[in-house]
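Since the structure comes first, as structure tokens, the remarks are kept for the end.
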Amino acid sequence: MERRNFLQNAAALGASAALMGSCSTAATSQSTNTEFVSGRILHTVYFWLKEGITEQEEQDFLLFFEELKKIPGILAFHVGKPASTTNRDVVDNSFQYSIFVLFNSMEEINVYEKHPDHLAAAEKFSKYWTKVAVRDSQFV
């Protein structure tokens, strides 16, 4: 009886290990090039929109991000809105939108910042915001 339990437990452990291994492999194979690698730059921008803009104007503003996504050198691009986290003195959820843009290096973000498409889009869509805050981080 003990031998049977041992064999059943061993088989269950083997199946669990195989499942864990396949999960690990699946996660790795689906991984994009967005890992937190030393030297990469996370360009985070927060936008405060003008009060009283219409729904249509806000939808037009969102086209700004579509134009930015086309600029070469971007590893990842994500648009966000404030999360409903706990209200604390250190939390600022006063912005309406944010973007998180990942670059491989300082050289690539420097190209992005000065790219004609970036400058043209910022000029075109700046009519919708009152404030923009940029926070750039370099992974260590």
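No experiment lies behind these values; they were computed from the predicted model shown.
Phe47 has its ring centre no less than 6.0 Å from the ring centre of Tyr97. Outside the 6.0 Å centre-distance limit, the rings of Trp48 and Tyr128 are not counted as a close aromatic pair.
Of the charged side-chain nitrogens involved, at least one lies within less than 4.0 Å of a carboxylate oxygen, so that Glu67 and Lys124 count as a salt-bridged pair.
Distance check, rounded to the nearest 0.5 Å: NZ of Lys69 to NE2 of His78 gives 9.5 Å. Distance check: Lys81 NZ to Asn93 CG gives 12.0 Å after rounding to the nearest 0.5 Å. Taken from CD1 in Ile74 to NE2 in His115, the straight-line distance is 9.5 Å, to the nearest 0.5 Å. Between the CG atom of Leu42 and the CZ atom of Phe139 there is a distance of 5.0 Å, given to the nearest 0.5 Å.
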Exercise for the section: Would you sort out whether Val132 and Val45 count as a side-chain contact (heavy atoms from CB on, under 4.5 Å), showing the intermediate values? Expected result: CA-CA 7 Å; Val132 174; Val45 186; 3.4 Å; yes
Practice task
Test His118 against Leu68 for side-chain contact (heavy atoms from CB on, under 4.5 Å), laying out the working first.
Solution key: CA-CA 6 Å; His118 180 266; Leu68 294 180; 3.5 Å; yes
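Counting heavy atoms of neighbouring residues, nucleotides and ligands inside a 6.0 Å radius, atom CG of Asp92 exceeds 12 of them.
When atom types are taken as modelled, the side chain of Asp60 and the backbone of Gln56 share no donor-acceptor pair closer than 3.5 angstrom. Under a 3.5 Å cut-off, the side chain of Glu66 and the backbone N or O of Leu63 do not form any donor-acceptor pair. Listed for the Gln96 side chain is a donor-acceptor partner under 3.5 Å among the backbone atoms of Leu49. Side-chain atoms of Glu108 come within 3.5 Å of backbone atoms of Asn104 as a donor-acceptor pair (strictly under, hydrogens ignored).
For the pair Arg40/Leu102, a side-chain contact is recorded, criterion being any heavy-atom separation below 4.5 Å from C-beta on. No side-chain heavy atom of Thr86 sits less than 4.5 Å from a side-chain heavy atom of Val91. Side chains of Ile41 and Met106 form a contact here, defined as non-hydrogen atoms less than 4.5 Å apart.
In this pair, Phe77 and Phe65 present their aromatic rings tilted. The plane angle is within the 30 to 60° band. Relative ring orientation between Trp129 and Phe64 is described as tilted, the plane-to-plane angle lying within the 30° to 60° band. Between Tyr46 and Phe95, the angle of the ring planes goes over 60°, which puts this pair in the perpendicular group of the 30/60° scheme.
By the criterion of side-chain heavy atoms lying less than 4.5 angstrom apart, applied directly or through intervening Ile, Leu, Val, Met, Phe, Trp or Tyr residues, Val101 is not grouped with Phe36; the two fall into different hydrophobic clusters.
Residue pairs meeting the side chain to side chain donor-acceptor pair (under 3.5 Å) criterion with at least one member in residues 130-140, sequence neighbours excluded, are His43-Asp136.
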